[in-house]
2 protein chains.
Amino acid sequence: MIPGLGGKLPRSLIDLLWRDHPEAPTGGTRGPRARVSTGDVVDAAIRLADAHGLPAVTIRRLAEALEVSTMSIYTHVNSRDDLLVLMADATHGRMERSRFGRLGWRGRVQRVAESNLALLQAHPWLHEIDDDRTALGPGTIAKYDHELAALAPLDLAPVTCDAALTFLLDFVRASARALRPNPRSGELAQHWPEWSLRLETYLGEDFPLARTVGAAAGAAMGAAHSPSMAWDFGLARVLDALAALAPPRA
Amino acid sequence: MIPGLGGKLPRSLIDLLWRDHPEAPTGGTRGPRARVSTGDVVDAAIRLADAHGLPAVTIRRLAEALEVSTMSIYTHVNSRDDLLVLMADATHGRMERSRFGRLGWRGRVQRVAESNLALLQAHPWLHEIDDDRTALGPGTIAKYDHELAALAPLDLAPVTCDAALTFLLDFVRASARALRPNPRSGELAQHWPEWSLRLETYLGEDFPLARTVGAAAGAAMGAAHSPSMAWDFGLARVLDALAALAPPRA
DNA sequence: TATAACGCCGTACGTTGTACGACGTACATA
DNA sequence: TATGTACGTCGTACAACGTACGGCGTTATA
């Protein structure tokens, strides 16, 4: 390496994800001691997101919360995108993972579904993070391992087991998304009296099915509507679907 | 209304969504003829998104594409958020909706699934639009009506029918999301040789299941992996699940 | 002919992520 | 003990974003 040019290479996302692992590179010991750690940054970001949503997680606000300058954040995290991955993996890692004990496969599946729902309700901003690299983190891998174990009694081929888990979790994610209180619901409710009238006019005689079911309006208005019903319905369907795969009795 | 103060109220999103309906307010006829219409703006935005992704849809670029000034865009669209709703509804409206004919319910369900998959593959940016107000648009309602009709042979109660459709479409959305080529896959593939080694080190003896199934690494690397298998698996499971609901023979 | 409604646009503000380079500190080596 | 190098910190600056505001000119209506 050419001396005089500061050797720049930052710790890669992988190493940041596994920063608590004994084999992870610690970084040299010179220079002033770091006033905050990567973990501190991630924790503060999670607190911000929990309290005010993901858009509130800006580098500047983070720095303010940690009482450091804006640019210091980049010493501990390579970019905002990377930070989001670290946040998601950290919350995955903190999920409760209790033993399944003697629970049958249905009970296990239900438990996996419910704990994922709880996760997404506790941290709704997870919906807005869509980065495959999250799968590289220790928290996400531990979660994956645990949930695969839940499906073990079904005795499926590995790939099928993975597919089944994906199927289950995709359902949970979608339901959780629908269940989530919409930030725009206030505005919608405010304009609803006016808008529903217009909609009535526009719909006219068309779309008989849509009108009958009424979900177009219902969903839009945030009325009682289905999302919580969709959860029960969907979970029952997932169980049905897996049952069709399972050994006769388990 | 107080004269001298320009009466400001802009056409609301509802009216913009239904701009082609005969009952929709046309806006006064004074002033210079508009050089572009709301429809033009929406179309240009869709073209931009198709070509370069949703982040490329900025007001400035839109204006440039339409050869108008930046701020003129706001004459035809109230905000960027509204524009996204208009874009989503327009593409919903343009979906092909062929008759189901004598197709059985399985064939219908499959067709609905496939056409939604095709939609999301043709316009991947739809994944990034998450706004309930889309449900108020004519395209979205027409789509909804058509897809409810597909499920009619199942002879379900209205709410159940809605729930079943939601279940199906949520599956399709999640699968389409996984199927979508990740923009970050390039970077990931580039660093993969290095990262996979580290990951190997970190994993050590832990997470036996995750290692066996190998999907953690597989998914991350963008290898062949499951998404296309997940589609087949999932669709079969959805059909199983609905079959458990359906009348014995249909 | 006067008025009011309307489309168009230039300017400007606040906010974002982050590149760059300077500065000082603390350890490693000579 | 003296020197060099690695490292944390931070101020400044830039490009890009959405969009509020207000002025201007055009056109149909009163």
Side-chain angles (χ1 to χ4, degrees), chain A residues 1-11 15-16 25-41 45 48-49 52-64 66-87 128 131, chain B residues 1-11 15-16 19 25-41 45 48-49 52-64 66-86 128 131:
Chain A
M1 178 161 310
I2 301 133
L5 262 81
K8 262 278 155 206
L9 67 157
R11 282 191 290 174
D15 295 331
L16 254 29
T26 61
T29 60
R30 311 195 205 197
R33 280 209 341 285
R35 295 176 35 199
V36 301
S37 68
T38 299
D40 291 338
V41 173
L48 266 177
H52 304 106
L54 204 55
V57 179
T58 70
I59 306 293
R60 281 171 239 262
R61 265 193 277 265
L62 215 41
E64 193 181 12
L66 290 167
E67 299 183 287
V68 203
S69 84
T70 302
M71 291 309 292
S72 283
I73 298 296
Y74 288 100
T75 306
H76 309 287
V77 142
N78 295 323
S79 68
R80 185 172 186 275
D81 281 359
D82 278 18
L83 174 61
L84 299 186
V85 173
L86 294 171
M87 291 168 67
E128 298 165 57
D131 193 315
Chain B
M1 178 163 309
I2 301 136
L5 260 83
K8 262 278 156 205
L9 66 156
R11 282 192 290 174
D15 295 330
L16 255 30
R19 62 193 179 278
T26 61
T29 60
R30 312 196 206 201
R33 280 204 347 280
R35 295 177 31 199
V36 301
S37 68
T38 299
D40 292 337
V41 172
L48 266 176
H52 306 106
L54 204 55
V57 178
T58 71
I59 305 293
R60 281 172 238 261
R61 265 193 275 264
L62 215 42
E64 194 181 9
L66 291 166
E67 299 183 285
V68 205
S69 86
T70 302
M71 290 310 291
S72 284
I73 298 295
Y74 288 101
T75 306
H76 309 287
V77 143
N78 295 321
S79 69
R80 185 173 186 275
D81 281 358
D82 278 19
L83 174 61
L84 299 186
V85 173
L86 295 171
E128 297 165 59
D131 193 315

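First the proteins, then the strands, lettered A, B, ... as listed; each starts at 1.
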Return the nearest nucleotide to the side chain of [X]; candidates are [options].
{"X": "Met71(B)", "options": "dT16(C), dA28(C), dT19(D)", "answer": "dT19(D)"}
{"X": "Thr29(B)", "options": "dG18(D), dT29(D), dC9(C)", "answer": "dT29(D)"}
{"X": "Ser69(B)", "options": "dC17(D), dC9(C), dG8(D)", "answer": "dC9(C)"}

Whole-Å gap separating [atom2] ([N]) and [atom1] ([X]):
{"X": "Asp81(B)", "N": "dG18(D)", "atom1": "CG", "atom2": "P", "result": "10 Å"}
{"X": "Ile59(A)", "N": "dC14(D)", "atom1": "CD1", "atom2": "P", "result": "21 Å"}
{"X": "Leu54(B)", "N": "dG18(D)", "atom1": "CG", "atom2": "C1'", "result": "14 Å"}
{"X": "Tyr74(A)", "N": "dA13(D)", "atom1": "OH", "atom2": "C1'", "result": "14 Å"}
{"X": "Arg11(B)", "N": "dC6(C)", "atom1": "CZ", "atom2": "P", "result": "10 Å"}
{"X": "Glu64(B)", "N": "dC9(C)", "atom1": "CD", "atom2": "P", "result": "14 Å"}

Nearest heavy-atom approach of Pro55(A) to Glu128(A) is CD-OE1, 4.2 Å
Atom of Arg35(A), atom of Glu67(A) and distance for their closest heavy-atom approach: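 Reported closest heavy-atom pair: NH2-O, 2.8 Å.
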Regarding [X], tell me which of base, sugar-phosphate or nothing describes its non-hydrogen contacts under 4.0 Å with the strands shown.
{"X": "Arg35(B)", "result": "sugar-phosphate"}
{"X": "Thr75(A)", "result": "base"}
{"X": "Thr70(B)", "result": "base"}

Any N/O donor-acceptor pair, Arg30(B) side-chain to dT29(D) base, under 3.5 Å: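 In this structure, the two groups form no donor-acceptor pair.
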Checking only heavy atoms, does the side chain of Arg60(B) share a donor-acceptor pair with the base of dG18(D) at less than 3.5 Å? yes
Counting only side-chain nitrogens and oxygens, does Ser72(B) get under 4.0 Å of the OP1 or OP2 atom of dG7(C)?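 Indeed not, no polar side-chain atom of Ser72(B) lies that close.
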Is it the case that the side chains of Ser72(B) and Ser69(B) hold a donor-acceptor pair, with the cut-off being a distance below 3.5 Å and no angle test? yes
Any donor-acceptor N/O pair, Arg61(B) side chain to Ala56(B) backbone, under 3.5 Å: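 Yes; at least one donor-acceptor contact below 3.5 Å.
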